[in-house]
Peer 1: 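Would you mind keeping the following structure in view while I ask a few things?
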Protein chains: 2
Amino acid sequence: MKQASAVLVIDDDPDVLLAARLALTGGVERVDTESSVDGLDRRLAAASYEVALVDMNFVAGCRDGQQGLDALGSILQIDPTLSVVLMTAYGGVTLAVEALKRGAADFVLKPWRNDKLVAAVGAAAGLTRGRRNAQPLELDALERQAIERALARHERNITLAAAALGLSRAALYRRMAKHGL
Amino acid sequence: MKQASAVLVIDDDPDVLLAARLALTGGVERVDTESSVDGLDRRLAAASYEVALVDMNFVAGCRDGQQGLDALGSILQIDPTLSVVLMTAYGGVTLAVEALKRGAADFVLKPWRNDKLVAAVGAAAGLTRGRRNAQPLELDALERQAIERALARHERNITLAAAALGLSRAALYRRMAKHGL
DNA sequence: GGAGCACTGTTCATTTTCGAACACTGCGCG
DNA sequence: CGCGCAGTGTTCGAAAATGAACAGTGCTCC
């Protein structure tokens, strides 16, 4: 099924923005561009993006990608469900690893191959959708899961598990029976 | 606080195993080594490791790291709480990104700097401990969280939120009151 | 205007759940 | 052995949660 998706591309180089737009158009519903990381808050609130594609180097002569990592942090703080794909021309393994460890969905090197970029953005959009659709389970199922975990963690010692769950032993018995454990 | 931690190192090169042992001894409680990815199941069940440090290239002439990715998958399937640090001499950004996306805790290049390796393994051990100590919340708190999320997701529409949680509207009102929402 | 609709907030007889108490089973220990 | 301890599984009157029903509020549409 074809999915509508909105992507926000952030880079200080207009050429890159244009190239990204051309590469992504057709693959995604909408491509917005932004040349700075300022005012992200409003930007992200205004339209509900599914992917942010962010450059890591905004300051000339500064190639360590720190701005990108900072932007990543800001974006995830604003919306933890939004997938962030980072891109850089100067990246090494160390930077890529750091980016992923900090929660980036993917990491692409400039210059990119258009099909790879589309694939990365598509996969990231899928991640976002997955996170956003992850509706809280029904309370019943949630309780069942929690009880199972608590029992496992305490090696089926009902007394301890009950205490950990914050209920009386008798109550845990009843709920175990209810859930068929 | 100094933490006891057990590390399992897997590499087909005895020199690498020795180097790893030397680098890690002192930094961690115990270092076990293994020269193959076979029989991981028993190995992991026998001792409770906090980190697995795994080489990505077991087959001569095959440098794409596929074995490492497979091993990563196997290990996480056996014990999802165990942090896996991958290492390779031939890695590029692409491989590193793939490894992290598949759930590796970190990715180090051979030859490593001993202090970096110790730091990576230490951080990974911390991750494992965090995951393992993440005891299921008390049922009450869990319910509160679920209710908050459901309300947020449905823009405070009580009727919809109640349906999503699998309880009646009146019940949701009561629980909201109980939790002070 | 007013009928239809979707949602809110509350009431109350009925049903469920609560936990303290009890009896029982191992198990280590002097 | 006899004692204490830690755990299990069950009982029962008291207390709390349940959901159908109701009245109220704000809309949209004709």
Peer 1: Distance check needed: C/dG19 P versus A/Leu165 CG, whole Å only.
Peer 2: 13 Å
Peer 1: Name the closest nucleotide to the A/Arg174 side chain, picking from D/dT8, C/dG19, D/dA17.
Peer 2: C/dG19
Peer 1: Rounded to the nearest angstrom, tell me the gap between atom NE2 in A/His179 and atom C1' in C/dT17.
Peer 2: 13 Å
Peer 1: Between C1' on D/dG9 and CZ on A/Arg175, what's the gap in Å once rounded to a whole number?
Peer 2: 18 Å
Peer 1: Nearest to the side chain of A/Ala171 - C/dT8, D/dT18, C/dG19?
Peer 2: C/dG19
Peer 1: Taking only the side-chain heavy atoms of B/Asn157 (C-beta and beyond), determine which of C/dG19, C/dC7, D/dT8 contains the nearest atom.
Peer 2: C/dC7
Peer 1: Does the D/dG19 base have a donor-acceptor partner in the side chain of B/Arg169 within less than 3.5 Å?
Peer 2: no
Peer 1: Round to the nearest Å and state the distance from A/Lys178 atom NZ to C/dT16 atom C1'.
Peer 2: 9 Å
Peer 1: Inspect the contact between A/Asp13 and A/Lys110 and indicate whether a charged nitrogen and a carboxylate oxygen are less than 4.0 angstrom apart.
Peer 2: no
Peer 1: How is B/Ala170 classified with respect to the nucleic acid when contacts are heavy atoms under 4.0 Å: base, sugar-phosphate, or nothing?
Peer 2: base
Peer 1: Could you tell me if B/Tyr49 and B/Asp32 have a donor-acceptor pair between their side chains, going purely by distance under 3.5 Å?
Peer 2: yes
Peer 1: Distance check, rounded to the nearest 0.5 Å: A/Arg131 atom CZ versus A/Leu82 atom CG?
Peer 2: 8.0 Å
Peer 1: Please check if any side-chain donor atom of A/Glu143 sits under 3.5 Å from a side-chain acceptor atom of A/His179, or the reverse.
Peer 2: yes
